[in-house]
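Worksheet: the structure to be examined is printed underneath.
When a ligand or atom number is given, it counts from 1 through the structure's own listing order.
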Amino acid sequence: MSRHLRIASVDVDTRHWIGGRRIASSDTFELLSPIDQQPLGEICAASAGEVDEAVRAARNAFPEWAALGPTGRRPILERLATRIRHHTQDLAIVETHDNGSLLIGNEKNIVARSAHNIAFFAELASQIDGGVIAGDTVDNHVRYEPAGVAALITPWNAPLMLSTWKVGPALAAGNTVVLKPPEWAPLTCSMLADLASEAGLPPGVLNVVQGTGGEAGAFLAEHPDIDRISFTGSPETARRIGRAAAASLTPVSFELGGKSPFIVFADADADAAARTIAHQYINAGQVCLAGTRVLVERSIAEPLLRKVQVATAKLPVGDPRSRATRIGPLIHSRQLARVHGYVERALANGARPLFGGRPHAFAELYYEPTLLVDVAPDDEIFQEEVFGPVLTWNVFDDEEEALSLANATRYGLAAMVYTSDQAKAGRMAAAIVAGTVWVNCFFVRDLAAPFGGARISGIGREGGRWSFDFFCDVKNVVMQRESFGSP
Ligand code: NAD
């Protein structure tokens, strides 16, 4: 097997990165590009032995990395952020070939955000301090200690961004890491390992094991010498990881799927709402935060629908490498089958497409932006995450009904509320069950703010100090004040 594959003149190593060395496996899997479904190459698939080797490398590297302290780690991590920025073009084009995401989005947002994920937490780590709680005779010195070895498992829709969102705080807090990238889009995480090495990250601090979820992922989740598991992906996989982690009582952080409501009141800016609803189709709807259940106040339903149709029709469908494209392919034929299966079952159940409803003629993995009406709250299409360009459209008569529809699924990742009435926005935001509520906006993310999901959309929060709450053990050192005399 070749040790590299080449994409648009970028060489990407297809092996694991363990203890500062490239290591090949005898097992491999074939990687296909969603752009043309052609093979990109063979990627190494880790055995239990290789996963174990990576965990041991991380364990061995831990004491020295932890001992550097936040200020010792910060310049190394800042160099990594700089390396990522310098390689924006390479990372962006490789990500596009690997998962079909828009090149323009990768160039303008995703790579920059990935670099920021590293630099932001490197800086914040030195400010994390539990402080001192004074008692009558003692002082409680609260310390944030690195937890140890963190296993990070990430999905394919934004692998570099979602992996660095975990790698950044885990390393900044003083942990060492074993990262298992998604098997449908593993390449930018392999490039991240090279960039970390160039930045001077000591061997073993960041390890990358490639492979499938059922094998490499499962071996990692059940490894007994892991101190934290941070996972982003589907609730089904989270249940498996949770069961594996239970054996060693390893703490888990889960960022999972969504079925977010997009609520538009009659007093909203309808043009802005329509544009943002159409935006939910970008990246072929493979976005966990997408507002896939549109809920509209009856009096504006018809004019808003016309605006949404116009705004959606303006989104160019095409090759994700073209900077004009806004809707590219689904990642895999299995994802296409999943999306179409949901739509076919919804149609058989009485739903009606206002537009879309079938594979797109542009190329094999494309799906038409789809909007379905005549959907009841207990229908599968209203309840389950499709992870494709498929929205439902329901009408409500008042705030109470809007809220009841918004909260009518088991998910709770995000919600969008469009209204010009601030008091109403406040009432809705308080009553909606979701980790994030965006009012008159969408996808605005501040790394200092908490991010995560309620109900089956997740366990725990990432972002700002919440990432450190997870990646650290909080220790209370109780000092008898008088035993040291007065200062
Ligand atoms: P997935 O759950 O199938 O896979 C995610 C990762 O888990 C992959 O690396 C996979 O190899 C690994 N995995 C699979 N089985 C495993 C096992 N038994 N043990 C350990 N690891 C295993 O999810 P996906 O299809 O890659 O991604 C789509 C899902 O991710 C959607 O539900 C989406 O909403 C969710 N997602 C959530 C967020 C968020 O921040 N909340 C962000 C992006 C995607």
Side-chain angles (χ1 to χ4, degrees), residues 29 31 43 45-46 48 51 98-99 101 110 113 117 151-166 178-189 208-223 226 229-247 250 252-260 280 283-292 330-332 334-336 338-339 342 384-388 409-414 434-436 443 445 447 450-463 466-467:
F29 62 92
L31 185 64
I43 309 294
V51 170
D98 210 7
N99 72 353
S101 54
I110 295 290
R113 164 69 197 277
N117 283 339
L152 312 180
I153 303 176
T154 50
W156 45 260
N157 62 326
L160 183 68
M161 197 268 275
L162 293 168
S163 297
T164 48
W165 173 236
K166 298 179 188 302
V178 180
L179 170 65
K180 209 298 277 170
E183 59 268 47
W184 281 354
L187 299 179
T188 47
C189 289
V208 180
V209 288
Q210 303 287 11
T212 60
E215 296 197 331
F219 298 143
L220 185 56
E222 69 198 18
H223 198 288
I226 292 288
I229 300 176
S230 179
F231 167 73
T232 299
S234 63
E236 295 74 27
T237 305
R239 288 188 189 98
R240 286 193 202 102
I241 292 176
R243 279 194 289 273
T250 309
V252 294
S253 159
F254 289 158
E255 300 279 5
L256 309 177
K259 190 75 186 175
S260 302
Q280 311 304 305
N283 271 333
Q286 300 168 119
V287 177
C288 59
L289 295 163
T292 49
L330 294 164
I331 189 166
H332 198 279
R334 291 213 321 255
Q335 192 65 12
L336 180 75
R338 174 192 158 95
V339 169
Y342 273 116
E384 291 193 18
E385 183 184 44
V386 176
F387 220 53
T409 77
R410 295 166 306 149
Y411 288 97
L413 190 57
T436 301
F443 226 90
R445 294 280 305 277
L447 301 202
F451 176 80
R455 295 183 174 157
I456 65 163
S457 290
I459 294 179
R461 293 292 179 270
E462 294 182 274
W466 291 270
S467 290

**OP:** Examine the proximity of ligand 1 to Leu289 and report which part, side chain or backbone, both or neither, has a heavy atom under 4.0 Å away.
**Re:**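 It is neither; nothing of Leu289 touches ligand 1.
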Return the closest protein heavy atom for [atom] as residue, atom name and distance.
atom: atom 25 (O) of ligand 1; result: Trp156 NE1, 2.9 Å
atom: atom 8 (C) of ligand 1; result: Thr154 O, 3.3 Å
atom: atom 13 (N) of ligand 1; result: Gly213 CA, 3.3 Å
atom: atom 10 (C) of ligand 1; result: Glu183 OE1, 3.5 Å
atom: atom 27 (O) of ligand 1; result: Pro155 CB, 3.3 Å
atom: atom 31 (C) of ligand 1; result: Glu385 OE1, 3.3 Å
atom: atom 42 (C) of ligand 1; result: Cys288 SG, 3.1 Å
atom: atom 35 (C) of ligand 1; result: Gly233 O, 3.3 Å

When you measure from the heavy atoms of [X] to every atom of ligand 1, does any distance fall below 4.0 Å?
X: Gly458; answer: no
X: Phe231; answer: yes
X: Pro181; answer: yes

Subject >> Side-chain donor-acceptor pair present, Glu385, Tyr411, cut-off under 3.5 Å >> reply: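 Distance-only check fails for Glu385 and Tyr411.
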Subject >> Side-chain donor-acceptor pair present, Thr232, Lys166, cut-off under 3.5 Å >> reply: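 Indeed, the side chains of Thr232 and Lys166 share at least one donor-acceptor pair under 3.5 Å.
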With a 3.5 Å distance limit and no angle check, can you tell me whether [X] reaches the backbone of [Y] through a side-chain donor-acceptor pair?
X: Ser163; Y: Leu160; value: no
X: Arg461; Y: Gly453; value: yes
X: Lys180; Y: Ala151; value: no
X: Arg338; Y: Gly388; value: no
X: Ser457; Y: Gly412; value: yes

Numbering as shown, the atoms of ligand 1 that approach [X] to under 4.0 Å (heavy-atom distance):
X: Leu162; answer: 42 (C), 43 (C)
X: Ile241; answer: 19 (N), 20 (C), 21 (N)
X: Phe451; answer: 40 (O)

Residue pair [X] / [Y]: nearest heavy atoms and the distance that separates them:
X: Pro181; Y: Val209; answer: CD-O, 3.2 Å
X: Gln210; Y: Ala216; answer: O-CB, 3.8 Å
X: Leu330; Y: Phe387; answer: CD2-O, 4.4 Å
X: Asn117; Y: Trp165; answer: ND2-N, 3.3 Å

Nearest to [atom] by heavy atom, [options]: which?
atom: atom 33 (C) of ligand 1; options: Phe219, Phe254, Phe387, Trp184; value: Phe387
atom: atom 22 (C) of ligand 1; options: Ile331, Asn157, Val386, Thr237; value: Thr237
atom: atom 12 (C) of ligand 1; options: Thr212, Leu152, Ile153; value: Ile153

Any N or O on [X] sitting closer than 3.5 Å to an N or O of ligand 1?
X: Lys180; value: yes
X: Arg240; value: no
X: Ser234; value: yes
X: Leu256; value: yes

**OP:** Give a yes or no on whether Glu384 atom CD has more than 12 heavy-atom contacts from other residues, nucleotides or ligands under 6.0 Å away.
**Re:**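 Enclosed: over 12 neighbouring heavy atoms sit under 6.0 Å from CD of Glu384.
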Original post:
Relative to the ring of Trp184, is the ring of His332 parallel (under 30°), tilted (30 to 60°) or perpendicular (over 60°)?
Top reply: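 The arrangement is parallel - the two ring planes meet at less than 30°.
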